[in-house]
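Have a look at the structure below before the remarks.
All figures in this text were calculated on a predicted structure; none of them were measured in a lab. For the single chain, residues carry numbers from 1 onward in sequence order.
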Amino acid sequence: LLQLKLWNKYRVSNIPSLIFIDASTGKVVCRNGLLVIRDDPEGLEFPWGPKPFSEVVAGPLLRNNGQTLDSNALEGSHVGVYFSAHWCPPCRSLTRVLVESYRKIKEAGQKFEILFVSADRSEDSFKQYFSEMPWVAVPYADEARRSRLNRLYGIQGIPTLIVLDSKGDVITRQGRVEVLNDIECREFPWHPKPVLELTDSNAVQLNEGPCLVLFVDSEDDGESEAAKQLIQPIAEKIIAKYKAKEEEA
C-alpha cells in the first residue's frame with residue numbers, strides 16, 4: 001500500500017524513475033533524476049533544484065529558414081514548450097493540428113510562441129521535421145540545453161506540450177489534450193478546469209494521479225449538468241488547497 005501511495009504521489013508512469021525531494025519539506029526538487037545523473041555525474045549542480053524557464057532556455061533559437069534570434073524574444077509571450085520527434089507517429093499527428101492552432105492564436109492577436117525541443121535521432125531528421133513548423137526551436141546541436149529543458153519539466157514521454165504564461169510559469173502540462181479538445185482555440189491559454197468531461201484524448205490523465213470519475217446517464221440531458229454543479233465546488237476546494245501548498249492536486 002505504501003508503494004502504491006508513493007507511485008501515485010509522485011505520478012510515476014514508467015520505470016526506472018528517479019525523483020529527488022527536499023527532505024525538510026517533502027517537495028519535489030527534480031522529477032527527472034536519471035537525466036540529472038547522466039548530465040551531471042560529478043554533482044556540480046547539486047541540489048538540482050528547478051531554475052526559471054528564462055534561465056534554462058537562455059541562448060540562441062532557430063527558425064526553419066535558418067535565421068536565429070535570442071531567447072529573450074520569448075519574454076512577454078505565452079510559450080508552448082513542445083517536446084516532439086519525427087520518428088514518433090503521435091507527434092507528427094499532433095504537429096499537424098498544432099500548426100493550425102498556432103496560426104489561429106496568432107491571427108487572434110494573442111502573444112504566443114512555440115519552442116520545439118527535439119528528441120530526433122539525427123540532425124537531418126530534426127531539420128526535416130522542423131521544416132514543417134512555423135515556430136522556433138532549440139538548435140539540435142545544443143544537446144545540453146535540450147536536456148536541461150527535459151529535466152526542468154520531468155518529461156517522461158512525447159509528444160508533450162507544456163504551456164507557460166508570460167512570466168514563464170506553468171499554466172498546464174496537458175497542452176496536447178487541450179489542443180486536441182479545443183480545435184478552435186477558444187479557451188487558450190487553457191487554464192486547467194476543476195471538472196472535465198472524460199474523452200479519449202484526456203483519458204491519459206487517469207494515469208497521472210488520483211481521480212474521481214462520476215458516471216451519469218447520458219440519455220438525460222439535465223443529469224450531466226446537475227452532476228457537474230454538484231462536484232465543481234468540491235473540486236475547486238481541493239485544487240485551492242493544493243495550490244496554497246504550492247503542490248499539484
Could you go step by step and tell me if Ser24 and Asp22 meet the side-chain hydrogen bond (donor to acceptor under 3.5 Å, both in side chains) rule? CA-CA 6 Å; Ser24 62; Asp22 182 331; 2.6 Å; yes

Ring pair (Phe, Tyr, Trp, His ring centres under 6.0 Å) partner of His78, chosen from Tyr102, Trp190, Phe188, Phe53: Phe188

Hey, is [atom1] on [X] packed in by over 12 heavy atoms from elsewhere, all under 6.0 Å?
{"X": "Lys27", "atom1": "NZ", "result": "yes"}
{"X": "Glu107", "atom1": "CD", "result": "yes"}
{"X": "Glu143", "atom1": "CD", "result": "no"}
{"X": "Lys106", "atom1": "NZ", "result": "yes"}
{"X": "Asp169", "atom1": "CG", "result": "yes"}

Between [X] and [Y], is any side-chain donor less than 3.5 angstrom from a side-chain acceptor?
{"X": "Tyr140", "Y": "Ser125", "result": "no"}
{"X": "Asp39", "Y": "Ser147", "result": "yes"}
{"X": "Ser118", "Y": "Asp120", "result": "yes"}
{"X": "Ser84", "Y": "Tyr129", "result": "yes"}

How long is the straight-line distance from [atom2] of [Y] back to [atom1] of [X], given to the nearest 0.5 Å?
{"X": "Gln110", "Y": "Lys104", "atom1": "CD", "atom2": "NZ", "result": "14.5 Å"}
{"X": "Ile15", "Y": "Leu34", "atom1": "CD1", "atom2": "CG", "result": "11.0 Å"}
{"X": "Arg148", "Y": "Arg146", "atom1": "CZ", "atom2": "CZ", "result": "11.5 Å"}
{"X": "Leu18", "Y": "Cys30", "atom1": "CG", "atom2": "SG", "result": "8.0 Å"}
{"X": "Leu161", "Y": "Leu98", "atom1": "CG", "atom2": "CG", "result": "6.0 Å"}
{"X": "Ser101", "Y": "Arg96", "atom1": "OG", "atom2": "CZ", "result": "13.0 Å"}

Return the minimal non-hydrogen interatomic distance between [X] and [Y], and the atom names on each side.
{"X": "Val216", "Y": "Ala227", "result": "CG1-CB, 3.6 Å"}
{"X": "Arg176", "Y": "Pro90", "result": "NH2-CB, 3.8 Å"}
{"X": "Val12", "Y": "Ser17", "result": "CG1-OG, 3.8 Å"}
{"X": "Ile239", "Y": "Pro194", "result": "CD1-CA, 3.6 Å"}
{"X": "Pro192", "Y": "Thr172", "result": "CG-CB, 4.4 Å"}
{"X": "Val56", "Y": "Lys51", "result": "CG2-CB, 3.8 Å"}

Check whether NZ of the Lys or CZ of the Arg Lys127 lies under 6.0 Å from the centre of the six-membered ring of Phe130 and within 45 degrees of that ring's axis.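 No, Lys127 does not lie over the aromatic ring of Phe130.
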
May I ask you to test the [X]-[Y] pair for a side-chain heavy-atom distance under 4.5 Å?
{"X": "Leu69", "Y": "Val136", "answer": "yes"}
{"X": "Lys193", "Y": "Leu196", "answer": "yes"}
{"X": "Val163", "Y": "Val170", "answer": "no"}
{"X": "Pro189", "Y": "His191", "answer": "yes"}
{"X": "Met133", "Y": "Thr95", "answer": "yes"}
{"X": "Val36", "Y": "Phe20", "answer": "yes"}
{"X": "Trp135", "Y": "Val99", "answer": "yes"}
{"X": "Pro60", "Y": "Arg145", "answer": "yes"}

Give the C-alpha distance, both sets of side-chain angles, the deciding distance and a yes or no for side chain to side chain contact (heavy atoms under 4.5 Å, CB included) between Tyr82 and Thr160. CA-CA 6 Å; Tyr82 184 37; Thr160 294; over 6 Å; no

Hey, quick one: are [X] and [Y] part of the same hydrophobic cluster, counting side-chain heavy atoms closer than 4.5 Å, chains of contacts allowed?
{"X": "Leu35", "Y": "Ile19", "answer": "no"}
{"X": "Val57", "Y": "Leu164", "answer": "yes"}
{"X": "Phe112", "Y": "Val179", "answer": "yes"}
{"X": "Phe46", "Y": "Val29", "answer": "yes"}
{"X": "Ile162", "Y": "Leu152", "answer": "yes"}

Quick check on the 6.0 Å ring-centre criterion: do Phe116 and Phe126 meet it?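 They qualify: ring centres under 6.0 Å apart.
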
Passes side chain to side chain contact (heavy atoms under 4.5 Å, CB included), Val97 versus Ile183? Steps please. CA-CA 8 Å; Val97 177; Ile183 296 297; 3.9 Å; yes

Check for a donor-acceptor pair, side chain of Asp182 on one end and backbone N or O of Arg186 on the other, with a separation under 3.5 Å.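 Side chain of Asp182 to backbone of Arg186: a pair is present.
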
Step-by-step salt bridge (Lys or Arg N to Asp or Glu O under 4.0 Å) determination, Arg63 to Glu113: CA-CA 12 Å; Arg63 292 205 177 275; Glu113 193 52 76; 3.7 Å; yes

Audit row: Arg38, Arg151, side chain to side chain contact (heavy atoms under 4.5 Å, CB included) steps and yes/no: CA-CA 11 Å; Arg38 189 195 74 182; Arg151 280 164 46 189; over 6 Å; no

Can you list the steps and then say if Asn150 with Val117 is a side chain to side chain contact (heavy atoms under 4.5 Å, CB included)? CA-CA 8 Å; Asn150 273 271; Val117 183; 4.0 Å; yes

